[in-house]
Amino acid sequence: DVRVRRAVSMLLDRKGLAEKVWEGQATPVALFSSALHPYFLDLEAFPPEVRKYAEYRPEEAMRLLAEAGYPGGKGLEATLNHTLATTRIQIEWSEFLIESLAKVGIKVKPNWMEYSRYALTTLAGDFHGLGTGGLSVPDPYAVFDLFVSTSDPALNKGRIKDAELDRLIAEFLRTVDDAKAKELARQIQVRIFDQVYVLVAPFTYFYALSQPWVHNYLVANEASAGLWAEKVWLDR
């Protein structure tokens, strides 16, 4: 029920999460950050009626839960699959989500597992409930086609079934016009977040240190670390 997904998203205080887990070195996002690719939308670029699902709105969330037949969160339970082979920060983010939902009566049971079992189940999309994961490729073509499209050989870990989303992604993949591709990417992201197919942690800041005679050394994230070689130059 999309009302439940929207409610859960609005029960997550992303600003509070950024402060508690990342000590303020992160910023809330709906899906991605434009720092990764110009096709990605920053939170401010989403329409207000969709952007609100990334905002902390507990009263509206409780209204949606009541409409969906879960007043006060009563009767809602889920299992959160996570791997022990991860960073402490990722574990803290999962714990923050569990605690946030527990405040309104939604019971989420953590299921910590060894990485081999996690890879064969959760990473493969074989789970019921919630599963943590990450995207290491800051490329909209790969992200949309692999993780949310239902086309073969898409991973589609969340088992999304959305014919309109598939249509948009297929058109995006075959579009060569940059302006049209950017607009399609916008529509795809708006639809993904309007339907709240994923819950996204804040986008963390990355810091790159270099000598003063090294110019244009910029790392967007660990996955794009090799891109610095295209533009860096030395003044020495």
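Here, residue 1 is the first one in the sequence, and each next residue gets the next number. Values in this document were obtained by computation on a predicted structure and should not be read as measured data.
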Answer with yes or no whether the hydrophobic clustering places [X] together with [Y]; edges join I, L, V, M, F, W, Y residues whose side-chain heavy atoms lie under 4.5 Å apart.
X	Y	value
L12	Y56	no
V2	L76	no
L101	V198	yes
I192	V200	yes
V29	V50	yes

Find out whether [X] and [Y] are in side-chain contact, i.e. whether some heavy atom of one side chain is under 4.5 Å from a heavy atom of the other.
X	Y	value
F32	F203	no
D13	S100	no
V108	L97	no
V196	V8	no
S94	W112	yes
H82	N111	no
T122	D126	no
V190	P47	yes

What is the minimum heavy-atom distance between [X] and [Y], and which atoms define it?
X	Y	value
A185	F172	CB-CE1, 3.9 Å
I106	L65	CD1-CD1, 4.1 Å
P28	K15	CG-CG, 3.8 Å
W93	L17	CE3-CD2, 3.2 Å
A26	T204	CB-CA, 3.9 Å
Y118	M113	CA-SD, 3.3 Å

Which distance, rounded to the nearest 0.5 Å, do you find between the [atom1] of [X] and the [atom2] of [Y]?
X	Y	atom1	atom2	result
K20	F96	NZ	CZ	6.5 Å
Q189	L168	CD	CG	11.5 Å
D139	F40	CG	CZ	7.0 Å
E55	L43	CD	CG	7.0 Å
Y205	T27	OH	OG1	4.5 Å
I160	R191	CD1	CZ	10.5 Å

Within 6.0 angstrom of Y70 OH, more than 12 heavy atoms from elsewhere: no

Answer yes or no: are there more than 12 heavy-atom neighbours, outside E49 itself, under 6.0 Å from its atom CD? yes

Between R14 and E19 (salt bridge meaning N to carboxylate O under 4.0 Å), is one present in this structure? no

Charged N to carboxylate O under 4.0 angstrom, R63 versus E59? no

Excluding sequence neighbours, so at least two apart, what forms salt bridge (charged side-chain N to carboxylate O under 4.0 Å, His left out) with R167? E164, E171

What pairs with [X] under side-chain hydrogen bond (donor to acceptor under 3.5 Å, both in side chains), at least two apart in sequence or on another chain?
X	answer
R6	Y53, D194
S210	none
K52	E60
R5	none

Does either side chain, that of [X] or that of [Y], offer a donor lying less than 3.5 Å from an acceptor on the other one?
X	Y	answer
D178	Y39	yes
D162	Y197	yes
S34	D42	yes

Parallel, tilted or perpendicular, as decided by the 30° and 60° cut-offs, for the rings of H215 and W233: parallel

Ignoring hydrogens and geometry, is there a side-chain-to-backbone donor-acceptor pair from S33 to A35 under 3.5 Å? yes

I'd like to know if the side chain of R51 and the backbone of F46 have a donor-acceptor N/O pair within less than 3.5 Å. yes

Show your reasoning for whether salt bridge (charged side-chain N to carboxylate O under 4.0 Å, His left out) applies to E92 and R88. CA-CA 6 Å; E92 289 179 358; R88 181 61 207 170; 3.6 Å; yes

Go through the steps to decide whether L199 and S9 satisfy the test side-chain contact (heavy atoms from CB on, under 4.5 Å), and finish with yes or no. CA-CA 7 Å; L199 287 173; S9 186; 3.7 Å; yes

Which residue, V143, I169, L41, L31, forms the side-chain contact (heavy atoms from CB on, under 4.5 Å) with I188? I169

Tell me the salt bridge (Lys or Arg N to Asp or Glu O under 4.0 Å) pairs involving residues 106-120, sequence neighbours left out? none

I would like to know whether L130 and T79 meet side-chain contact (heavy atoms from CB on, under 4.5 Å); could you show each step before the answer? CA-CA 6 Å; L130 300 169; T79 297; over 6 Å; no

